[in-house]
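Hydrogens, waters and symmetry mates are skipped; everything else that's a heavy atom, side chains included, is used.
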Amino acid sequence: MKNLFFKLKLISLTVILGVIISCERDPLEGIVSNDRQVLSFSLPEEVQQVGPANIVSVGDNEGVIDVFVIMNGLDASSLSPLFEISEKAVAIPQSGDPVDFTVGDNSFVYTVISESGVERKWKVNLKPFVSEIDGDWIVESLLFDWQIGIRTDWGWGVFGTYDVATNSYDPANYSPEVLSRDFPNAAFEEDNELTIITTLVNENGNPEGTFDFKSGDDGEYASFVLATDHNGNPRSYTDRFRKMPIGRGVWEYNIAGKKLTLWQGNRSGQQIDAAVAIDADGNISLSFDNWINEFTWDHWDAESHIQNSYTMYYNFNLK
């Protein structure tokens, strides 16, 4: 009886072990992979690459990888890109091997072979990076937003009437104010010139460079002094409205966030952030936040607009 019990126990244990082993068996065992993708691609650190590479498969056997770089001074005859490919696939040449991009007009073709032996040809193109903000610009207009009683149904200003039900303003009613209506001498800035030049791309993939903001033919800059306030006295709002730094400086542009950071002189100088908008014609607008929560009722006309200003816009056209 004991022998029978022992045999039954041994059989049960064998069955359990068999179930465990079968559960742990790789379900993909015996399957040969056809994957031959490039998963990531980057140029060596000494190359100024802008943002991640754009990797696109084309059909069954081809692919294109576009890499944007600053081409000035770049020797593309011996670069050693680093990349990742599908598991169990093989690349020719391999990641880290030096290749010559000059033989293909700033392009090079890699071959990635899957575990099953199927090939995909990947053409890597070095694309000259041209910053959307680089260029010689001229100030086309200076505008600003103001709203008295923001987000209240009794308020008024460039945003129009506030809709309490939707907690919003109707965009159709939005009309930014021309700054020279309240600061007549702001018009002096409307022929000023801004030169923006990219010099490098930092470790975050953001371009950096230099700028020069100088006067136009009239040799003048805007004045943000209200000639007379409601008491008949001059009042300066320069600290609030002089956003665009005069002269030379440096900048960093967060492309993804469309944020331009300016430093007057160098990075030890005064810093100011601007949101960047680009229209269909490629013209740029820099908008600066100038809201100060100091609402009072002892002002009139221009003063009410100025003291309740939210955003100031420099609109630029290519020179």
Side-chain angles (χ1 to χ4, degrees), residues 42-43 45-54 67-73 127-146 176 179 186 189-190 192-216 221-222 224 237-293 309-319:
S42 62
L43 295 170
E45 291 184 358
E46 64 269 18
V47 179
Q48 298 295 326
Q49 178 176 333
V50 183
N54 185 28
V67 188
F68 289 89
V69 298
I70 294 180
M71 301 295 289
N72 294 337
K127 297 279 191 177
F129 171 71
V130 179
S131 171
E132 56 194 356
I133 64 173
D134 275 19
D136 294 317
W137 304 92
I138 187 166
V139 178
E140 187 271 332
S141 64
L142 271 70
L143 305 176
F144 77 118
D145 294 337
W146 63 271
L179 193 61
E189 204 119 309
E190 292 181 353
N192 284 18
E193 301 172 7
L194 173 64
T195 299
I196 299 178
I197 300 173
T198 297
T199 58
L200 61 89
V201 177
N202 61 31
E203 65 277 6
N204 297 318
N206 293 331
E208 299 181 15
T210 62
F211 73 86
D212 186 10
F213 186 58
K214 55 190 176 183
S215 63
Y221 292 92
F224 301 108
Y237 291 91
T238 301
D239 289 344
R240 184 167 176 179
F241 283 84
R242 170 43 67 196
K243 296 297 186 180
M244 190 66 211
I246 294 174
R248 297 182 178 181
V250 296
W251 55 268
E252 179 179 348
Y253 182 36
N254 184 314
I255 298 176
K258 297 294 184 185
K259 184 182 79 170
L260 178 66
T261 302
L262 303 163
W263 289 270
Q264 191 163 29
N266 53 48
R267 287 198 177 225
S268 297
Q270 182 180 4
Q271 175 184 336
I272 184 72
D273 291 332
V276 179
I278 302 171
D279 67 18
D281 296 322
N283 297 315
I284 65 173
S285 176
L286 302 183
S287 58
F288 301 91
D289 179 11
N290 67 347
W291 166 246
I292 297 176
N293 189 15
S309 173
Y310 284 82
T311 311
M312 181 179 179
Y313 304 89
Y314 274 79
N315 297 320
F316 294 91
N317 292 338
L318 277 173
K319 186 177 176 183

Flag, side chain of Q49 to backbone of V69, donor-acceptor distance under 3.5 Å: no
Would you give the length of the straight line joining atom OG of S309 to atom CZ of F144, rounded to the nearest 0.5 angstrom? 5.5 Å
Donor-acceptor side-chain pairing of D212 and T195 below 3.5 angstrom: no
Where is the tightest heavy-atom contact between V67 and A53, given as atom of each residue plus distance? CG2-CB, 3.9 Å
Residue pair N290 / I292, side-chain heavy-atom distance below 4.5 Å: no
For N266, all residues meeting side chain to side chain donor-acceptor pair (under 3.5 Å), sequence neighbours excluded: none
Would a 4.5 Å heavy-atom cut-off, applied to side chains only, mark I196 and W137 as touching? yes
Work out which heavy atom in A222 is nearest to a heavy atom in A186; give both atom names and the distance. CB-CA, 3.6 Å
Pairwise side-chain contact, L179 with L143, heavy-atom cut-off 4.5 Å (strictly under): no
Report the residues that fulfil ring-ring contact (aromatic ring centres under 6.0 Å, His included) with F68, sequence neighbours left out, ordered by chain and then residue number. none
Is the closest side-chain heavy-atom distance between E190 and L142 below 4.5 Å? yes
With E132 via salt bridge (charged side-chain N to carboxylate O under 4.0 Å, His left out) - residues at least two apart: K258
Can you confirm whether more than 12 heavy atoms, excluding those of R240, are under 6.0 Å from its CZ atom? yes
Do V139 and N315 have side chains that get closer than 4.5 Å, going by heavy atoms? no
For T199, the side chain to side chain donor-acceptor pair (under 3.5 Å) test, sequence neighbours excluded, returns none
Nearest 0.5 Å, what's the CH2-CG distance between W251 and L260? 7.0 Å
Reported OG1-to-CD distance for the pair T198 and Q48, which is rounded to 0.5 angstrom: 10.5 Å
Using atom types as modelled, flag every donor-acceptor pair under 3.5 Å from a side chain in residues 268-278 to any protein atom, sequence neighbours excluded.
from, atom 1, to, atom 2, distance (Å)
Q271, OE1, W263, NE1, 3.3
D273, OD1, T261, OG1, 2.8

Partner set under side chain to side chain contact (heavy atoms under 4.5 Å, CB included) for T311, not counting sequence neighbours: D145, S287, Y313
Fit a plane to each ring of W291 and Y310, take the angle between them on a 0 to 90° scale, and name the class: parallel (under 30°), tilted (30 to 60°) or perpendicular (over 60°). parallel
Between D239 and F224, is the side-chain contact (heavy atoms from CB on, under 4.5 Å) condition met? List the steps. CA-CA 9 Å; D239 289 344; F224 301 108; over 6 Å; no
Considering residues at least two apart in sequence or located in another chain, which fulfil the side chain to side chain contact (heavy atoms under 4.5 Å, CB included) criterion with N254? N206, A256, K259
Would you mind reporting whether F288 and F241 have side-chain heavy atoms less than 4.5 Å apart? no
Donor-acceptor under 3.5 Å (Q264 side chain, I246 main chain): yes
Can you name the residues that form a side chain to side chain donor-acceptor pair (under 3.5 Å) with E193, not counting sequence neighbours? K319
Do the non-hydrogen side-chain atoms of P207 and F129 ever get within less than 4.5 Å of each other? yes
Name all residues meeting the side chain to side chain contact (heavy atoms under 4.5 Å, CB included) criterion together with E208; count only those two or more places apart in sequence or in a different chain, and write none if there are none. L200, N202, E252, R267
Residues at least two apart in sequence or cross-chain that pass salt bridge (charged side-chain N to carboxylate O under 4.0 Å, His left out) with D136, listed by chain then number, are none
What pairs with R242 under side chain to side chain donor-acceptor pair (under 3.5 Å), at least two apart in sequence or on another chain? E189, Y314
Residues F211 and F213: closest non-hydrogen pair is CD1-N, 4.1 Å
D279: what forms a side chain to side chain contact (heavy atoms under 4.5 Å, CB included) with it, not counting sequence neighbours? D281, N283
